[in-house]
Amino acid sequence: MTYPRVSNDSADKTAGVPSSPRFPEIEERVLAYWAEDDTFRASVEARDAGTDGENEFVFYDGPPFANGLPHYGHLLTGYVKDIVPRYQTMRGKRVERRFGWDTHGLPAELEAMRLNDIKTTDEIVEMGIDKFNDACRASVLKYTGEWRDYVTRQARWVDFDNDYKTMNPEFMESVLWAFKSLFDKGLVYEGFRVLPYCWNDETPLSNHELRMDDDVYQDRQDPSVTVGFEITTEGPFAGAKVLIWTTTPWTLPSNLAVMVGSDIDYVAVQHDGDRLILAEARLGAYARELGDEPEVVWRGQGSDLIGLTYAPPFSYFADHARAFRVVAADEAVTTTDGTGLVHSAGAFGEVDKEVTDREGIEPVMPVGKDGRFTHPVAEYAGMLVFDANPHIIDDLKSTGGSVTPGTVLVRRETYNHSYPHCWRCREPLIYKGVESWFVEVTKFKSRMLELNEQIRWVPEHIKHGQFGKWLENARDWSITRNRFWGSPVPVWKSDDPAYPRIDVYGSFAEIERDFGRLPLNADGEPDLHRPWVDDLTRPNPDDPTGRSTMRRVSDVLDVWFDSGSMSFAQVHYPFEDADWFDHHFPGDFIVEYIGQTRGWFYTMHVLATALFDRPAFSSCISHGIVLGSDGNKMSKSLRNYPDVREVFDRDGADAMRWFLMASPILRGGNLVVTEQGIRDAVRQVMIPLWNTWYFFSLYANAEGYEAKVGGPESLASTDPLDRYLLAKTRQYVEKLTAELDDYAIADACETTRGFLDVLTNWYVRRSRERFWEGRAEAFETLAAVLDTVCRAVAPLLPLTTEEVWRGLTGGRSVHLADWPDASALPTDDALVAAMDQVREVCSATSALRKAGGLRNRLPLGSLTVVVADPASLEDFTSIVADEVNVKHVRLLAADSPEAGAYGISQRLSVNARAAGPRLGKDVQVAIKASKSGDWSVAEDGTVTAGGLALVEGEYTLETVVGSETDGTATGMLPGGGFVVLDTVVTPELAEEGIARDLVRAVQQARRDADLDVTDRIVLTIGGSTAVLGAAGTHEDLISKETLATSYVIDEAAEGTVVTVGDGETATVTVVRA
RNA sequence: GGGCCUAUAGCUCAGACGGUUAGAGCACCACACUGAUAAUGUGGGGGUCAGAGGUUCAAGUCCUCUUAGGCCCA
């Protein structure tokens, strides 16, 4: 037993290579071997980093937030994160791969709140921030073990021991450094911003959280009101009323302005003694109140109204500076609903805030963090804003409470609309202004766009599409959250506005310098988390009275600030490894799903631009979204996707890898996960590869042959099939290398699938006999190709190729091997082209047999192949003869007289690409003529079609052959030329056909008897006269093919009854010799 | 409402520069082949290339609009 030379199979070593492998079991054994052998570490360390890391390929792991188990999306990304580094490693690069964990943020806090059954931030404070943050820490670490299991099982090589976590003090110190650096560059400021806000959870939500679930937007019924505000500007409009419409009546006490569109047409109409102003386009919608043909007393545009002042609907902020004016907001005002005039409540809407800022109006905030009204809105104080709506409407109707006289309620109704709800508590959100610190992204946006030009995006359209557009519209980034579990905002402020001072810290050392100590947690370790960092206070140095204190602002940083910092924070830059970082930035490669264009890709790019004036990464694959088997988002409750562990156990990690990597998802499309698709990967790729290996081992073992992979014999065969395979392998490796260099992983899979098809369904099938004969050059060739293919496919099927390659070579690991050198393989494009033509010849001949009802085992006399260059096929006539089972193959030149004799007619086809530009419109005439037969060839060879002379190159003339004549059948070849099959069945041929049928019957009997391929047999054949005759004539053939050492022909023999030839009956008996 | 992507066989997708008979894999049917194969080969059915208009001698391909889906933004 020579093969497998090494196997991880602890079972019977003498069993050889299994013909029907159980891939998941093989995978488990390979994984165990890797773990024991520490192959991953060896593969990294086998490559030298080079001077200043010039030989390193830098990969950044985008940190997942591990608050649940990995799903297909994570696995998909993980496979890409494995393939590219594996490939680069084999190309000779040193590729460190550190796993990263995103640990901070609201999801962790919410999980901790759920586990501790608390609902509000007050309860968190009550519980103790230290205890709460301990709970957060525990919750984010809860799944790390499972993640490691899944990632290991999927055969992703990544360093878990030397990982990074965003909550580690070193990481957080680098984050502080980043904040301080931005502050020092003048790129950080404190401001006030409107965000979606959950009053129940007492937290603003990021856009990301807003869209956490599909059902965040739910239909909701809200009251909607149309209210008129009285104009106070002296002049023609005095006393008229501007009509506004809102679905949030509770924002009316905070009204600060009315927005109009400058170019929108407005009218004033007379109604019950009032003049009401609204958009002309909205008159119809108010017919109920205003009548079908209201009396229009004024017409104009929004620009005519701008600057008018009005009495605010409520008197709470009556003296507010610069407020209660009609202002322009062309981008925000439409006439699709409402009145064409929009009320602006400053801090309760994004557009509202933008407009009031522009107009220099300070926002007001009479709503507390719990969503209840506060001072000065006395009538509704303590009421949740939604609960206050009916009271506010009642007061508007009766002009009661603090409603300003002159304000009128024109209409009240209920309004159904899609409204955002908190993804966690399902309560309706409000928009609310909150204090926040910002990175002034707008200041360096143009530089971000410039640096984006240096990034290679896959797919390419992301660069100027989704990512580029997002950059163009970048707004300042709100980086603080009024929460608990996160990196602290390293800002200390004086608590007395009379003595203002702000200190920003960028390191432990700076903190220790000013506070005399480090923030220490309960275990006495330096810890930048709350509450420890909050404990650091000191007297305000700028306060001569000594009474005011420097206190940290209570916010923590947005988690995206953490993950955007990973490139430098994972190595504790600039406190350690500053030199290393300098040579490893930007990173060479990152990959995540397309949504990260506004997440991780974006925050990495923002911070890299602002801090280093460089992009953070050179190449980025941005893949699509994985969908369930029904085309919808994967959902646990719908059970619309196969269980990950079940797939690992049943089909294996390589099958799943192939399915995902070969799919359109890496070109930016979406992917529907189906079990069928995963099984197809096994069938189309893994089994062909494995069976080629099994085939090799079967015959090499039978022969006791050991191939010398890598030796001079490997590529030395002169056999045409071997030379063809080697040349084809070279083409394959060249193509694959180019594709992987381009990150075109799906293309690489398709290329591989096509190559394996040639390998197994042409080379191996056509070479069976030579292997059976034990031909050394065949073994050497196939071994060399298997070695090459294993190495080339190793990144795409790391587990399967490992088992095959080690079994073939006895080496330590295919992943320690070098990427195959295509240039070492013979190049012979002509040979490859000739073989492709040979396959066409066989294909065409098979079709003729099929049409003529001539079964394949029946030998035929001859096949004539008529092609342009018959010499190129000379080496392959025996292959053709064997493949299509004919006695002789004749090659004829297409222009030879004899070939002409087969021709029935000629066909003219016009090459439109060549003739079109010259002939213009007439080319259509020529084409039509060529099809209808209205063309001719003159004596001198001039071709005329439809009366138009064609010049050389504008047409091709082909000989067309008929389907059948007596005793022959003819068929066209796709690339030009044709084949002529001699269909005459002589008695000799018929007899040999029967003999072949007998061989087949005996082989089946051998199998049925469970004989080994090398077992010798005693064979007895009986049957009709024709059968006995064939068995006698072809005794040599039959006994050789079936390994019969004893060969008996006995008319009366009993045995398995089979039908052979043209309805003849035979009996065969097979006994092991 | 805006931006990007997608729309080709029952399914999943290819289709440089526009070139006149639009391909592949899977699935289906028939036949053949099979001592490596869970296969394979041959043939067959299956297409208004989402729709409409335009440019052109010629459009699946280029332009405009529309429709549907996805992603993002508002």
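Labels below follow one simple rule: chain letters A, B, ... track the order of the sequence lines, proteins then strands, and each chain is numbered from 1.
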Worksheet item: Is there a Watson-Crick or G-U wobble partner for rC62(B) with both distances under 3.5 Å, and which nucleotide is it?
Response: rG54(B)

Worksheet item: How is Arg849(A) classified with respect to the nucleic acid when contacts are heavy atoms under 4.0 Å: base, sugar-phosphate, or nothing?
Response: nothing

Worksheet item: Counting any heavy atom closer than 4.0 Å, what does Glu472(A) reach on the DNA or RNA strands: base, sugar-phosphate only, or nothing?
Response: nothing

Discussion item. Counting the atoms with a prime plus P, OP1 and OP2 as sugar-phosphate, which does Thr760(A) contact under 4.0 Å by heavy atoms, base, sugar-phosphate, or nothing?
Written reply: base

Practice prompt. Choose from rU20(B), rC57(B), rC26(B) the nucleotide whose nearest atom is closest to any side-chain atom of Asp680(A).
Written response: rC26(B)

Worksheet item: Heavy atoms under 4.0 Å, any strand shown: does Leu1011(A) hit a base, just sugar-phosphate, or nothing?
Response: base

Worksheet item: Taking atom types as modelled, is there a side-chain donor on Glu739(A) or Thr751(A) under 3.5 Å from an acceptor on the other?
Response: yes

Fill in: Salt bridge flag under 4.0 Å for residues Lys353(A) and Asp357(A)
yes

Fill in: Of the listed nucleotides rC71(B), rU40(B), rG19(B), the one nearest the side chain of Arg765(A)
rU40(B)

Response to the item:
Expected label for rC17(B) (glycosidic angle, syn inside 90° of 0, else anti) would be syn

Discussion item. I'd like to know if Thr692(A) reaches the base of rA36(B) with its side chain, counting only an N/O donor and acceptor under 3.5 Å.
Written reply: no

Item to complete: Classify the nucleic acid contact of Arg1006(A) as base, sugar-phosphate or nothing, counting any heavy atom under 4.0 Å across all strands shown.
Response: base

Discussion item. Work out how far the C1' atom of rG15(B) is from that of rU61(B), and round it to whole angstrom.
Written reply: 9 Å

Worksheet item: Between Arg598(A) and rC73(B), is there a side-chain N or O to OP1/OP2 distance below 4.0 Å?
Response: yes

Worksheet item: Cut-off 3.5 Å, side chains only: do Gln1003(A) and Arg1007(A) have a donor facing an acceptor?
Response: no

Worksheet entry | C1' atoms of rU55(B) and rC11(B), separation to the nearest Å | 36 Å

Worksheet item: Parallel, tilted or perpendicular: which fits the ring planes of His623(A) and Tyr593(A), with parallel below 30° and perpendicular above 60°?
Response: tilted

Practice prompt. Between rU20(B), rU42(B), rC73(B), spot the one nearest the side chain of Ala847(A), thanks.
Written response: rU42(B)

Worksheet item: Is any side-chain N or O of Arg768(A) closer than 4.0 Å to OP1 or OP2 of rA36(B)?
Response: yes

Discussion item. When you measure from the side-chain N and O atoms of Arg683(A) to the phosphate of rA27(B), is any distance below 4.0 Å, counting only OP1 and OP2?
Written reply: yes

Worksheet, complete the sentence: By the Watson-Crick or G-U definition, both distances under 3.5 Å, rA7(B) is matched with rU67(B)

Worksheet entry | Pairwise P distance for rC4(B) and rG45(B), with rounding to whole Å | 42 Å

Discussion item. By nearest atom, which of the nucleotides rA32(B), rC57(B), rA36(B) is closest to the Arg855(A) side chain?
Written reply: rA32(B)

Worksheet item: Relative to the ring of Phe779(A), is the ring of Phe771(A) parallel (under 30°), tilted (30 to 60°) or perpendicular (over 60°)?
Response: perpendicular

Response to the item:
In Watson-Crick or G-U wobble terms, with both distances under 3.5 Å, the base opposite rC28(B) is rG44(B)

Practice prompt. For the residue pair Trp693(A) and Phe696(A), categorise the inter-ring angle as parallel (less than 30°), tilted (30 to 60°) or perpendicular (more than 60°).
Written response: parallel

Item to complete: Scan every strand shown for a Watson-Crick or G-U wobble partner of rC17(B), both distances under 3.5 Å, and answer none if you come up empty.
Response: none

Practice prompt. Before giving the answer on side chain to side chain contact (heavy atoms under 4.5 Å, CB included), spell out for Arg679(A) and Phe659(A) the whole-Å C-alpha distance, their side-chain angles and the decisive distance to 0.1 Å.
Written response: CA-CA 8 Å; Arg679(A) 279 196 285 270; Phe659(A) 168 70; over 6 Å; no

Discussion item. What's the gap between rG3(B) and rA58(B) when it is taken at their P atoms, as a whole Å value?
Written reply: 32 Å

Worksheet item: What nucleic acid atoms does Tyr699(A) come within less than 4.0 Å of, heavy atoms only: base, sugar-phosphate, or nothing?
Response: sugar-phosphate

Fill in: Between rC26(B) (P) and Ile687(A) (CD1): distance, integer Å
13 Å

Worksheet item: Would you say rU42(B) has OP1 or OP2 under 4.0 Å from some side-chain N or O of Ser843(A)?
Response: yes

Fill in: rC26(B) phosphate, OP1 or OP2, under 4.0 Å from Arg753(A) side-chain N/O
no

Discussion item. Roughly how many Å apart are rU6(B) and rG60(B), using the C1' atom of each and rounding to a whole number?
Written reply: 15 Å

Worksheet item: Between atom CZ in Arg1016(A) and atom C1' in rG35(B), what is the gap in whole Å?
Response: 13 Å

Discussion item. What's the gap between rA74(B) and rU12(B) when it is taken at their P atoms, as a whole Å value?
Written reply: 32 Å

Practice prompt. May I ask you to say what Asp1012(A) touches in the nucleic acid, namely base, sugar-phosphate or nothing, with a heavy-atom cut-off under 4.0 Å?
Written response: base

Discussion item. Please give the distance between the P atoms of rG43(B) and rU56(B) as a whole number of Å.
Written reply: 42 Å

Discussion item. Using the C1' atom as the point on both nucleotides, what is the distance between rA22(B) and rC13(B), in whole Å?
Written reply: 14 Å

